[in-house]
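These numbers come from the heavy atoms of this one structure, side chains and all, not from hydrogens, waters or symmetry mates.
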Amino acid sequence: MKKLLTLLTLIMLALPSFSVLTPEKQAEAEAHYQKAIYLANGNRYNQEALDEINKAIAIRQDVAYNLAKGTILRQLGSYEEALKYYDLVLKEKPDFGFGYAMKATTYFYMQDYKKSLENSDLAIKYTKEPRAETYMVQGLSRTMSDDKLGAAESFSEALKLSKTRQEKFANLSSRATAYMEAGQFDKADADIEELKKLNPQAAKALTLTRYFLSGNFKDALKIAQEMNKQNKSSISMMLLAALYDLNGKTKNAGKTYNELVKDYPNSSISYFFRGSFYLGEDKYKEAAEDFKMVKDNAPLVEINRAAADYFLGKKEESVEKLTTLEKATAAAKTKGALKTVYLTFTEIYIKDKKFADALSYLNKYIEIERRPAIDKKSLKQLNKILDKNKKDPAAVEVKQKLSKFSDYIFTVDPDITALMMRWAQQDLAK
């Protein structure tokens, strides 16, 4: 998607100009425009590109210039401003499919997946020959909207239009992941076999994901160990530590998390996941200290902070924070974070022996999660408490409902995925 600006020079010829100027002024505006395109291509000099496109627009208002400015602003992260310029383009040319495609991409970055899908549909409608990128953005938005099979369909369309090896790889791996998250592992396996021909290492990573999502943590751990040895990174170490934990190797998990923090002391990934590990081990002081080191106030981070603080004596403050997060995530329709709020309330109330409250939030979680799941380690901890309180009817009902949960992970949470992508990009920029 970063290469979309390269198409603007071709599209410009099809777009009308707003005014007529002297040939000299037109040439001057065009020179600024072409320089802006050159600077912005590759995402490296966007501020300089913005200066150049502003000079072009100051000379004359042109649809192509507005389209370029919108895309430069988007690459700078000024999404609302970018949308204004795309709307200027579409006001003059309402059937311009590429303009809708740019809006779809911008809304995707804004995590407004509903509007991203709406504009993807319009881009496809008004484009005689839709581009692979348009279907790919549609697929990514469907993935984040929990429409896994719909996402697989989008990536299939993108694959048909893929012209480069890189495009084919991106869409094939995305489709394989969508199939896995939909539980269609046979189709995912077929895509992974194709990926082996394009990129064996990437196919190995997807195989790890396949094992992870199907609950085969033993084989997932073997691949994680191999990958971490070959290409060590904050992500590979985090995965290795998490899989040690899921395989019941708590000491190995703790050791790996400590190595992660030591090797990547400035990474939010390090502290967030070690803090989450400590939270699962009931080491609330250590968890709280790690969460303080995470330079992010995203809902998932705040939820974990509240959970740690609850057991450090800040119960009223933590419940208030979690209630606020519940309302905010429900209003924003960030389903992954909302489910985490419900499960967090459930777990802290079970541990605090407030079983009626735990049951209330567990029911809320079940209402929005079609395939409820909980890992074996957490389930064992919670059942131990519930078994000691069999005389409480609410405790009995909570245990009964938890017994129907799968211990498979099944899906990749879109909210944690977005966080991981942001933190990984921050790590690369350091």
Testing the 3.5 Å rule here: is there a donor-acceptor pair between the side chains of Lys401 and Asn363? yes
Under a 3.5 Å cutoff, is there a donor and acceptor pairing between the side chains of Asp282 and Tyr284? yes
With Glu326, which residues qualify under side chain to side chain donor-acceptor pair (under 3.5 Å), at least two apart? Lys364
Side-chain (Thr256) to main-chain (Ala241) donor-acceptor, under 3.5 angstrom: no
Could you check whether Phe273 and Phe277 have their ring centres less than 6.0 Å apart? no
Validation row, ring centre Tyr126 to ring centre Tyr100 under 6.0 Å: yes
Any donor-acceptor N/O pair, Thr127 side chain to Ile124 backbone, under 3.5 Å: no
Please tell me if the side chains of Glu320 and Thr323 come closer than 4.5 Å, counting only heavy atoms from C-beta onward. no
Give the C-alpha distance, both sets of side-chain angles, the deciding distance and a yes or no for side-chain contact (heavy atoms from CB on, under 4.5 Å) between Leu338 and Tyr365. CA-CA 8 Å; Leu338 182 59; Tyr365 169 74; over 6 Å; no
Looking at Ser270 and Tyr264, would you say the former's side chain and the latter's main chain have a donor-acceptor pair under 3.5 Å? yes
Pair listing, salt bridge (Lys or Arg N to Asp or Glu O under 4.0 Å) test, anchored in residues 233-250, at least two apart: Asp245-Lys377
Between the side chains of Gln138 and Ser154, does any donor sit under 3.5 Å from an acceptor? yes
Asn171 and Ser162: side chain donor to acceptor below 3.5 Å: yes
